[in-house]
Amino acid sequence: MLVKDVKRIGKVGKNLLKNKDANEIIETIIEKPLQKACKDCKAKNIETVMSSANKNNLVRKNKIRINKKEAIQRANEGKTQTFLTAGRGYAWLMLNYNTLSDENRKILFDMEKELGEDSVWFVKSNYIEVMNKMRKPFRLKQLVEKFDDTYAEKFKEKQLILMYNNRYPRRSVFLRMPIEETTTCEEVEQYFAKVIERLAPNI
């Protein structure tokens, strides 16, 4: 089966670690190509947040596959960048960076170096910045968010700012695989299974 034949499910993401029947939920709300990766994450106690691998991720006419450099350039031009930017031309899986062990954070930084910055995105939500801009005219106290974990500076150095609401974690990791019209669901499944296999059980 080809990814272009997979319909978008469009369910709201959720923390599957909190559900005993997570595998059944995965088969309901996660698109087929990423079900195994989500189950493997659950088995390792790694929190998945959102994912997408369907026909909507394919690059359409007059559109381009978004890489990190282009996303940064678009942001500098004042263009809105949402989490959907990560899926233009890519299948993707979003992990909660805040709940990852330091061991897994290091593995992901090493993986980005090995696979390239377009395969592993370290993403920070601009929710706080947007809220502060709204509060400023009313002279309301500015919201402050500090991260002082082991790799906080490393994350900041690598981070890409995207817009999504406070339902999702402020910091996340997007694992991405480029897809085309001929990409099969099996290829996506195998790619993400190998990536998740490299992560350690999250303690």
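We count residues from 1, following the sequence as given.
Applying the ring-ring contact (aromatic ring centres under 6.0 Å, His included) test to Trp92 and every residue at least two apart in sequence or in another chain returns Phe174. With sequence neighbours excluded, the residues satisfying side chain to side chain contact (heavy atoms under 4.5 Å, CB included) with Asn96 are Glu47, Val49, Asn98, Thr99, Pro169. Residues that satisfy the side-chain hydrogen bond (donor to acceptor under 3.5 Å, both in side chains) test with Glu181, not counting sequence neighbours, are absent from this structure. Under the side-chain hydrogen bond (donor to acceptor under 3.5 Å, both in side chains) criterion, Thr85 pairs with Gln81, sequence neighbours left out. Taking the side chain to side chain contact (heavy atoms under 4.5 Å, CB included) definition, one finds that Asn202 meets it with Asn45, Ile46, Leu100, Ser101, Asn104, sequence neighbours left out. Legend: residues meeting side chain to side chain contact (heavy atoms under 4.5 Å, CB included) with Arg65, ordered by chain and number and at least two apart, are Val59, Tyr90, Pro178, Glu180. Judged as a side chain to side chain contact (heavy atoms under 4.5 Å, CB included), and not counting sequence neighbours, the contacts of Asp5 are Met1, Leu2. In terms of the ring-ring contact (aromatic ring centres under 6.0 Å, His included) criterion, Phe192 has no residue partners (sequence neighbours excluded).
Among residue pairs with one or both ends in residues 99-121, those qualifying as ring pair (Phe, Tyr, Trp, His ring centres under 6.0 Å) are Phe109-Phe122, Phe109-Tyr151; sequence neighbours excluded. For residues 28-37, the pairs satisfying side chain to side chain donor-acceptor pair (under 3.5 Å) are Glu31-Asn54, Lys36-Asp40, with sequence neighbours left out. Screening residues 97-110 for salt bridge (charged side-chain N to carboxylate O under 4.0 Å, His left out), with sequence neighbours left out, gives Asp102-Arg105, Arg105-Asp149, Lys106-Asp110.
As a member of the Ile/Leu/Val/Met/Phe/Trp/Tyr network built from side-chain separations under 4.5 Å, Leu140 groups with Phe138.
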